[in-house]
Amino acid sequence: MESVNPAAVPQRRLSNGMVIPGIGMGTFGNDRYTPEEVADAVYGAIKAGYRLLDCAAAYGNERDIGRVLSRTFEEGIVRRQELTVMTKLWNDMHGQGDVLVACAKSLRDLGLDYVDVYMVHWPFPNYHAPGARLKGRNPDAVPFSAEEYLSVWRQMEHLVDMGIVRSLGMSNMTITKLEQVLPLCRIKPVVLEVEINPTFQQPKLFEYCIRHDILPVAFSPMGSPCRPERDTEEGDVVTFEMEELQEIARAHHCHPAEICVKWAVQRGHVPIPFSVYPEEYTGNLRCTTEDFLTDAEMEMLQKADRNARLIKGKVFLWEGAESWRDIWDGEDESNKL
């Protein structure tokens with residue numbers, strides 16, 4: 001099987017001094033693939049040269065991934081200290097004392113003594129079961145509360161004090177929310193995981209993160225063409241059909257997916273694409289090491305931003321919310337720099 005030298009992959013230094021790869025392997029596939037299939041892809045990805053894994057308790061596959069991690073350590077494919085493992089606190093574990101319980105379960109399932117980055121998955125306790133549809137939304141869902149969030153964050157900080165988490169991160173936050181909580185954090189987040197791709201570039205949020213020494217991590221870096229049906233709407237942008245993306249892909253003799261990855265890494269945020277197909281995940285990693293986009297191509301893609309959010313989060317809406325845009329504080333409407 002083809003592999004890429006991990007040393008050739010671009011690296012990113014976090015605000016606390018940690019260094020992580022500039023691209024990772026996502027593990028969200030439970031809407032289409034079994035935990036075993038996702039874990040097999042993780043095993044293949046590590047053999048291919050990936051050294052950053054983006055996990056989450058909500059994906060329902062950490063135990064299977066843990067078995068794969070143990071296997072890679074036993075076979076000498078990689079050492080624990082060579083991997084950056086990120087995972088996330090799910091929404092149903094925001095209560096007092098729950099965060100430690102949730103982290104301990106993730107550690108046990110992953111078979112690890114510590115995780116490198118632990119994130120708050122969503123900024124509210126609006127739980128839904130895996131595979132939930134919009135009609136199955138939680139009737140107890142609530143809007144964002146800075147007080148509730150900081151109660152969770154204090155527990156997250158304690159995990160760092162205990163030595164079972166090296167760094168903290170946030171996810172699915174907006175500038176509005178960040179401005180409320182960042183000044184009150186004793187331990188600052190080193191990463192923010194949000195949706196970013198060529199058709200939804202979030203330039204204001206991106207620049208805000210850079211100013212505050214927070215590294216943006218991008219889920220759905222290719223526009224999530226296989227996202228759950230609950231996040232689709234008529235008229236949604238199809239990223240791979242973007243004319244500018246196709247033109248650049250033709251010039252580089254590759255699939256538009258690889259251009260999405262190249263653009264992300266050269267822009268400076270960390271994409272976490274997912275695939276169960278070795279030729280795809282290996283290609284995604286390899287393309288970060290060669291045949292770079294020109295300045296003109298980067299500028300072309302920057303100007304092509306459609307400001308089109310694809311992962312809308314409608315399943316988390318609370319009673320009284322007018323639309324999914326309330327989750328994002330209406331910031332999409334003024335997302336251009």
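Excluded from the calculations below are hydrogen atoms, water molecules and symmetry mates; all remaining heavy atoms, backbone and side chain alike, are included. It should be emphasised that the depicted structure is a prediction, and the values quoted were computed from it without experimental measurement.
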Is atom [atom1] of [X] surrounded by more than 12 heavy atoms (other residues, nucleotides or ligands) closer than 6.0 Å?
X	atom1	answer
E279	CD	yes
E147	CD	no
H255	NE2	yes
D161	CG	yes
E290	CD	yes

Shortest non-hydrogen contact from [X] to [Y]?
X	Y	result
F240	C260	CE2-SG, 4.2 Å
A48	Y281	CB-CE1, 4.3 Å
L83	Y50	CD2-O, 4.1 Å
W318	N126	CE3-ND2, 4.0 Å
P198	L245	CG-CD1, 4.4 Å
R12	G22	CG-CA, 4.0 Å

Return the [atom1] to [atom2] distance between [X] and [Y], rounded to the nearest 0.5 Å.
X	Y	atom1	atom2	answer
N197	M242	CG	CE	8.5 Å
R51	Q11	CZ	CD	10.5 Å
M86	I272	CE	CD1	5.5 Å
D98	Q155	CG	CD	7.0 Å
I187	L168	CD1	CG	5.5 Å
I196	S220	CD1	OG	10.5 Å

Check ion pair [X]-[Y] (N to O, under 4.0 angstrom):
X	Y	value
D236	R306	no
E247	R250	no
R80	D113	no
K177	D329	yes

Run the numbers on T294 and E297 for side chain to side chain contact (heavy atoms under 4.5 Å, CB included), then give the verdict. CA-CA 5 Å; T294 66; E297 289 168 336; 3.2 Å; yes
Would a 4.5 Å heavy-atom cut-off, applied to side chains only, mark [X] and [Y] as touching?
X	Y	value
W153	C185	yes
Y59	D54	yes
T87	L53	no
L310	T239	yes
M119	V217	no
D116	Q81	no
V38	D64	no
I23	P273	yes

Using the side chain to side chain donor-acceptor pair (under 3.5 Å) definition, which of the options R309, K312, R325 pairs with D332? R309
Cation-pi check for F206 against R211: NZ or CZ below 6.0 Å from the six-membered ring centre and within 45 degrees of the axis, yes or no? no
Within 45° of the ring axis of Y43 and under 6.0 Å from its six-membered ring centre, is that where the NZ or CZ of R71 lies? yes
Give a yes-or-no answer on whether the side chains of [X] and [Y] include a donor-acceptor pair shorter than 3.5 Å.
X	Y	value
H94	E148	yes
S167	N16	yes
S275	E280	yes

Walk me through whether V9 and L52 qualify under side chain to side chain contact (heavy atoms under 4.5 Å, CB included). CA-CA 11 Å; V9 176; L52 170 61; over 6 Å; no
W328 and ring pair (Phe, Tyr, Trp, His ring centres under 6.0 Å): which single residue from F316, W122, F200 fits? W122
Where does the angle between the aromatic ring planes of Y149 and F144 fall among parallel (under 30°), tilted (30 to 60°) and perpendicular (over 60°)? tilted
Looking at [Y], is its backbone amide N or carbonyl O close enough to the side chain of [X] to form a donor-acceptor pair, meaning the two atoms are under 3.5 Å apart?
X	Y	value
E195	F219	no
K47	S3	no
N172	E193	no
R166	M18	no
Q202	V194	no
E2	T282	no
T288	L285	yes

Passes salt bridge (Lys or Arg N to Asp or Glu O under 4.0 Å), R108 versus E62? Steps please. CA-CA 9 Å; R108 185 169 61 251; E62 287 192 324; over 6 Å; no
Dump the intermediate steps for side chain to side chain contact (heavy atoms under 4.5 Å, CB included) on L293 and L301, then the final yes or no. CA-CA 10 Å; L293 302 183; L301 288 175; 4.1 Å; yes
Salt bridge (Lys or Arg N to Asp or Glu O under 4.0 Å) between E299 and K303: does it pass, once the steps are laid out? CA-CA 6 Å; E299 184 178 1; K303 292 178 177 178; 3.1 Å; yes
Stepwise salt bridge (Lys or Arg N to Asp or Glu O under 4.0 Å) test for D109 and R67: CA-CA 8 Å; D109 288 347; R67 286 195 283 265; over 6 Å; no
Hey, any chance L184 and M156 share a hydrophobic cluster, counting ILVMFWY side chains that come within less than 4.5 Å of each other, even indirectly? yes
For E37 and R32, run salt bridge (Lys or Arg N to Asp or Glu O under 4.0 Å): C-alpha distance rounded to whole Å, both residues' side-chain angles, the deciding distance at 0.1 Å, then the answer. CA-CA 10 Å; E37 288 174 317; R32 289 171 291 138; over 6 Å; no
